[in-house]
Amino acid sequence: MNFSSKLLEDAVAEFAKLPGVGQKTALRLVLHLLNRDKEEVQKFSNAVSKLRNEIQFCQSCHNISDLKVCEICASHKRDHSLICVVEDTRDVMAIENTNQYNGVYHVLGGLISPMDGIGPGDLQVDTLVERLKENGVKEVIFALSATMEGDTTIFYLHKRLKQFAINISTIARGIAFGGELEYVDEITLGRSIVTRVPYENSLS
Ligand SMILES: [Zn+2]
């Protein structure tokens, strides 16, 4: 693309770095911003930069949070004996939207993927083990995608967790999850949590 302005070119280049945004879309978005009021654009850029600078991760479950401990972990209405293990914050949002789960979460921050050089040490695995050492946890539910990475991660976690006297279960496999969250229907996801099965039974 030939740009008539270096400022325009730089802005388009930044937008084009976002996932799913090509040069043409980036240009359309940038031109759209140019048509907005300056105050509106300032609000937009403030929100992005505040998000990046001020966001925290919950000390307990590692979910994205405005506070040191997220609202879910801090709530007395939640069942803290039940921990649902998920890949990232999108999964927490999807499960919360089902209104079928009243436990707490543990956000791994990814999945084990030897191909991408991601090992257990890159994920929040040790902190999960630490949480189980505290009394009171009765069940861990794996809600990870039915992919090679999801399966590898569950297999590894199960080995680490079976030393504890807790139930280990998994949601129904094969439903769209993880990166395909926008396609998950809430009823199916909600049902798969309610009808979760012991992990050992899920192996066939
Ligand atoms: Zn939390």
Side-chain angles (χ1 to χ4, degrees), residues 47-113 118-147 149-150 152-172 175-182 184 186 188-196 199:
V48 174
S49 114
K50 261 174 96 79
L51 170 81
R52 188 62 192 90
N53 289 320
E54 295 177 19
I55 206 90
Q56 306 194 52
F57 293 90
C58 172
Q59 282 176 345
S60 177
C61 74
H62 312 292
N63 193 18
I64 290 174
S65 170
D66 289 349
L67 302 165
K68 283 198 164 90
V69 174
C70 77
E71 281 183 11
I72 295 172
C73 287
S75 169
H76 299 297
K77 291 181 182 154
R78 309 289 299 216
D79 181 353
H80 291 259
S81 73
L82 205 55
I83 297 181
C84 182
V85 176
V86 297
E87 178 181 348
D88 68 28
T89 203
R90 291 174 300 171
D91 304 325
V92 174
M93 292 165 76
I95 294 171
E96 285 298 288
N97 280 337
T98 69
N99 290 315
Q100 297 289 318
Y101 180 68
N102 191 42
V104 293
Y105 295 91
H106 192 88
V107 179
L108 291 173
L111 296 174
I112 295 173
S113 174
I118 302 171
D122 301 308
L123 309 175
Q124 298 290 355
V125 173
D126 290 343
T127 51
L128 175 62
V129 174
E130 286 304 314
R131 283 178 83 181
L132 296 182
K133 285 180 184 164
E134 294 162 22
N135 286 329
V137 177
K138 294 191 182 115
E139 181 177 354
V140 167
I141 306 166
F142 294 133
L144 302 176
S145 63
T147 57
E149 291 79 17
T152 307
T153 306
I154 290 178
F155 184 75
Y156 174 81
L157 288 177
H158 181 253
K159 271 205 304 192
R160 291 281 304 270
L161 303 188
K162 65 183 179 190
Q163 56 171 311
F164 298 102
I166 53 166
N167 293 320
I168 299 177
S169 58
T170 178
I171 64 165
I175 61 161
F177 208 59
E180 293 163 29
L181 276 182
E182 45 272 44
V184 174
E186 287 165 12
T188 308
L189 179 58
R191 198 184 297 132
S192 75
I193 292 167
V194 174
T195 62
R196 62 188 180 272
Y199 173 65

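As the structure lists them, so they are numbered: ligands from 1, and atoms in each ligand from 1.
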Verify salt bridge (charged side-chain N to carboxylate O under 4.0 Å, His left out) between E96 and R78, making sure each step is shown before the conclusion.
CA-CA 12 Å; E96 285 298 288; R78 309 289 299 216; 2.8 Å; yes

With the Zn ion (ligand 1) as the centre, enumerate protein N/O/S atoms below 2.8 Å in chain and residue order.
C58 SG, C61 SG, C70 SG, C73 SG

Sequence neighbours left out, what pairs pass ring-ring contact (aromatic ring centres under 6.0 Å, His included) with at least one residue falling in residues 58-81?
H62-H106

Of all heavy-atom pairs linking L144 and V85, the shortest is CD2-O, 3.7 Å

Hits for side chain to side chain donor-acceptor pair (under 3.5 Å) against D122, two or more places apart or cross-chain, chain-then-number order -> none

Shortest non-hydrogen contact between I95 and C84, atoms and distance:
CD1-SG, 3.9 Å

For S113, the side chain to side chain donor-acceptor pair (under 3.5 Å) test, sequence neighbours excluded, returns D116

